[in-house]
Amino acid sequence: MNHLNPEQQAAVTHLGTPLLVLAGAGSGKTRVITEKIAYLIREQHYPAASIAAITFTNKAATEMQERLAARLPREALKGLQASTFHTLGLRLIKQEIAHLGYKPGFSIFDAQDSQQLIKELSRNEDAAVADGAQWRISRWKNDFIDPSQALSQAADAQDTAQAILYERYQRQLRAYNAVDFDDLIVLPVRLLLENETVRARWQQRFRYLLVDEYQDTNACQYQLVKLLAGIEGHFTAVGDDDQSIYAWRGARPENLSLLKRDYPTLTVIKLEQNYRSTNRILQSANQLIANNPHDFEKRLWSALGEGPPLRVIPCDSAEHEAERVVSEIMKIRFKQRVDYHDIAILYRGNYQSRLFERKLREHDIPYYVSGGTSFFERSEIKDIIAYLRLICNPDDDAAFLRTVNTPRREIGTSTLEKLGAYATQRHISLLRATHEMGLTQILSERAIFRLQRFTDLIDELARDAASEPASSVARTLLQAIAYENWLREVSSNDKVADKRIENVSELLEWISRLSTKTEQPALLQDVINRMQLMDILERNDTERKQHGVQMMTLHAAKGLEFPYVFIVGMEEELIPHKTSIEESNIEEERRLAYVGVTRARHGLTFTLARKRQRFGEDVDCEPSRFLEELPSDHLEWDDPSQATPEQLRETGRAHLKQLRALFD
């Protein structure tokens, strides 16, 4: 452990009491977590299977596993649980399913599935009730509030209607033998609270917990950690209250302070040495965030030198801002000899990217905008996964409705409405209803024949799925429904069809890889559960492309770092955002700005516009209050209207070099 600083070493070797590691930006928290796991296994002789390392993204969990693989032999790591909260929750649900009242083969509803179900259930509700229902239900679950509690706490008619909808939604999920993303935490917490035997079993299973990004935990996740850690609290929580920027999805930075209340013997170790940024950047970040109240004080510092001043560039308009940023990028590129992917443009809202994209294209500068369409969101991928879900879970009505006419089988809306009414009356799923003799009383022979051709296929594949490898079942499915031919029929042209077919092929290859990761070829149920969970988790965890100027929101930038960073739109009502100003939520906006500042390793530039167009009119803009909170001696204000002849010539030379590079 000679490569660790004293505070990191103390965090790694501390045992005996619960531990909170306050890890500032760039202070090496992932290194501390992985080193502590290695220390527990190698020095303290903990079995790897008795350790759980919990984080929020697949990317972080994978990085942890890769670092450990480089430190310890494979055999020593056997059974180690390094995963996201939701993956751990899924594991617990699958192993304790008998206690939860679900049948094996349950489905996991993603956000679109949940939205569709809520839409169906709220068809007769007021628009205001339906519009916010999905978000409200998710917040209730994150706060560990069940439907009856939500109803008892209702403050008005809309609250009451949404609480009733919440109860109906949960009842329908149960009928579908399905859980949604939030249930992957809620169900384990409820089970551990109510079943002492199960709780004792899981507390004995995990002798030590390590939890990353603790400031991002919601109330339900906090409960899960508390229940697994037990009274003695054998855990290390790593977090930074200054980087808590997800209150809108239920995160509670106060969970760090709750640890002091719930665990009086809690030890706190601060990691304040930053290995990423220069001291001007860190001192500016420290002064900015000092304007927020703190239960824990810390100040980042660096051994990387003073660094250049932080630049502030006022611009005449949003278009002028984009032009100026692109001009500065070209200068950095040729003056500092850096790659384009070393430069990032960070903004508050995705819509701000458009002008910058246009200017970058005009100068043939490659770029990558974070937040593109997820692989799983493509319709052809959703089609195949819906089929596989239905094969595994005959109660998955959402999957049934997506697949029953894909490809077209001439099963009309009227047939489906009658089938749905019959299934509801019988309290069974749509697929199970197709097997009942009672359908002959309400459907024509032709309609029943078409439905049975579909369900016979699903039944046959379900039988195969019980013993055949997942990859074999998936390939049989695609051949049986002639899906490639159908894609060619419905695509706008051959090029689009080829791309969609390529996506399906990629999905098949992935299923094959997942199938062969275990000693025995994995069956379809395990593969589809894993894929569904990965889909949900990775929508906000997309791996960045390794070329081009990186463009993303400040929220998406958390956890990343770049040699050169532009934070654009540093104006009131943008940073901080207008909604946050109106809701007096300036502290989280300040944390968001702090996250942006601490992404920069060497060069940091702020830009702002004097005027922006809003609703077709030019509106005067005020500089962000956060600029005033930065140390003035570390800022270098740059007014383009006052540019010297030498600065103008330098910009011209950068343009010329760019043109020459195109012909080299």
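Residues Leu184 and Phe85 are not in side-chain contact: their nearest non-hydrogen atoms beyond the backbone lie 4.5 Å or more apart. Looking only at side-chain heavy atoms (C-beta outward), Tyr594 and Val597 stay at 4.5 Å or farther from each other. For the pair Tyr387/Ile458, a side-chain contact is recorded, criterion being any heavy-atom separation below 4.5 Å from C-beta on. Contact of the Leu151 side chain with the Glu167 side chain is not registered, since no non-hydrogen atoms from C-beta on lie closer than 4.5 Å. The shortest side-chain heavy-atom distance between Asp396 and Phe109 falls under the 4.5 Å cut-off.
A salt bridge between Arg500 and Asp383 is absent, with no side-chain N of the basic residue lying under 4.0 Å from a carboxylate O of the acidic one. Ion pairing between a basic and an acidic side chain is recognised when a charged N comes within 4.0 Å of a carboxylate O; Lys298 and Asp241 show such pairing. At a threshold of 4.0 Å, the pair Lys29-Asp240 does not count as salt-bridged, since none of the basic side-chain nitrogens sits closer than that to a carboxylate oxygen. Classification of Glu63 and Lys59 as a salt-bridged pair fails, no side-chain N sitting under 4.0 Å from a carboxylate O. Taking 4.0 Å as the cut-off between side-chain N and carboxylate O, Asp159 and Arg136 count as a salt-bridged pair. Note on Arg354 versus Glu357: no salt bridge recorded, every NZ/NE/NH1/NH2 to OD/OE distance being 4.0 Å or above.
The CD1 atom of Ile145 lies 12.5 Å from the CD1 atom of Ile137; values are rounded to the nearest 0.5 Å.
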**Request:** Start with the C-alpha gap between Leu346 and Phe566, add the side-chain angles, then the distance that decides, and say whether side-chain contact (heavy atoms from CB on, under 4.5 Å) holds.
**Result:** CA-CA 6 Å; Leu346 310 182; Phe566 290 83; over 6 Å; no

**Request:** Kindly indicate, with the supporting measurements, whether the criterion side-chain contact (heavy atoms from CB on, under 4.5 Å) is fulfilled by Ile567 and Phe626.
**Result:** CA-CA 12 Å; Ile567 301 179; Phe626 299 147; over 6 Å; no

**Prompt:** Should Arg389 and Thr403 be marked as a side chain to side chain donor-acceptor pair (under 3.5 Å) after you check the CA-CA gap, both sets of side-chain angles, and the distance that decides it?
**Reply:** CA-CA 10 Å; Arg389 279 170 46 183; Thr403 56; over 6 Å; no

**Message:** Assess the residue pair Leu416 and Val404 against the criterion (side-chain contact (heavy atoms from CB on, under 4.5 Å)); give the C-alpha distance rounded to whole Å, side-chain angles, the decisive distance to 0.1 Å, and a yes or no.
**Reply:** CA-CA 9 Å; Leu416 292 175; Val404 70; 4.1 Å; yes

**Item:** Steps toward side-chain contact (heavy atoms from CB on, under 4.5 Å) verdict (Asn393, Ile528)
**Value:** CA-CA 11 Å; Asn393 178 9; Ile528 197 64; over 6 Å; no

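By the 6.0 Å and 45° rule, Lys260 stacks over the aromatic ring of Phe296.
Side-chain atoms of Glu213 and Gln215 include a donor-acceptor pair closer than 3.5 Å. In this structure, a donor-acceptor pair under 3.5 Å is absent between the side chains of Asn177 and Asp395. If you check the side chains of Gln95 and Arg205, you find a donor sitting under 3.5 Å from an acceptor. Checked by atom type, the side-chain pair Gln112/Gln116 shows no donor-acceptor distance below 3.5 Å.
Gly569 approaches Arg612 most closely through the heavy-atom pair CA-NH2, 3.4 Å. What you find for Ser429 and Asp397 is that their closest heavy atoms are CB-OD1, 3.4 Å. Closest heavy-atom contact between Ala557 and Arg599: O-CD, 3.3 Å. Heavy atoms only, all atoms of each residue included: Thr55 and Ala60 are closest at OG1-CB, 3.5 Å. Looking at every heavy atom in both residues, Gln162 comes nearest to Ala133 through NE2-N, 3.6 Å.
For Phe235 and Phe206, the ring centers are positioned 6.0 Å apart or more.
Side-chain N or O atoms of Asp146 include one that pairs as donor or acceptor with a backbone N or O of Gln149 at under 3.5 Å. Remark: side-chain polar atoms of His577 are not paired, donor with acceptor, to backbone N or O of Glu589 under 3.5 angstrom. Panel note: side chain Thr160, backbone Ala154; no donor-acceptor pair is recorded below 3.5 Å. Not one N or O on the side chain of Tyr368 forms a donor-acceptor pair closer than 3.5 Å with the backbone of Met551. In terms of modelled atom types and a separation under 3.5 Å, the side chain of Asp183 and the main chain of Asp180 share a donor-acceptor contact. No side-chain donor-acceptor contact under 3.5 Å links Arg348 to the backbone of Leu554. Here the side chain of Arg91 pairs no donor or acceptor atom with the backbone of Thr87 at under 3.5 angstrom. Looking only at distances, a side-chain donor or acceptor of Thr424 sits under 3.5 Å from a matching main-chain atom of Gly420. Between the side chain of Gln221 and the backbone N or O of Ile185, no donor-acceptor pair lies under 3.5 Å. Panel note: side chain Thr217, backbone Tyr214; a donor-acceptor pair is recorded below 3.5 Å.
Within a 6.0 Å radius of CD in Glu582, more than 12 heavy atoms belonging to other residues, nucleotides or ligands are found.
For Glu587, the salt bridge (Lys or Arg N to Asp or Glu O under 4.0 Å) criterion is met by no residue, not counting sequence neighbours.
Judged as a ring pair (Phe, Tyr, Trp, His ring centres under 6.0 Å), the pairs with a partner in residues 139-170 (not counting sequence neighbours) are, in order, Trp140-Tyr166.
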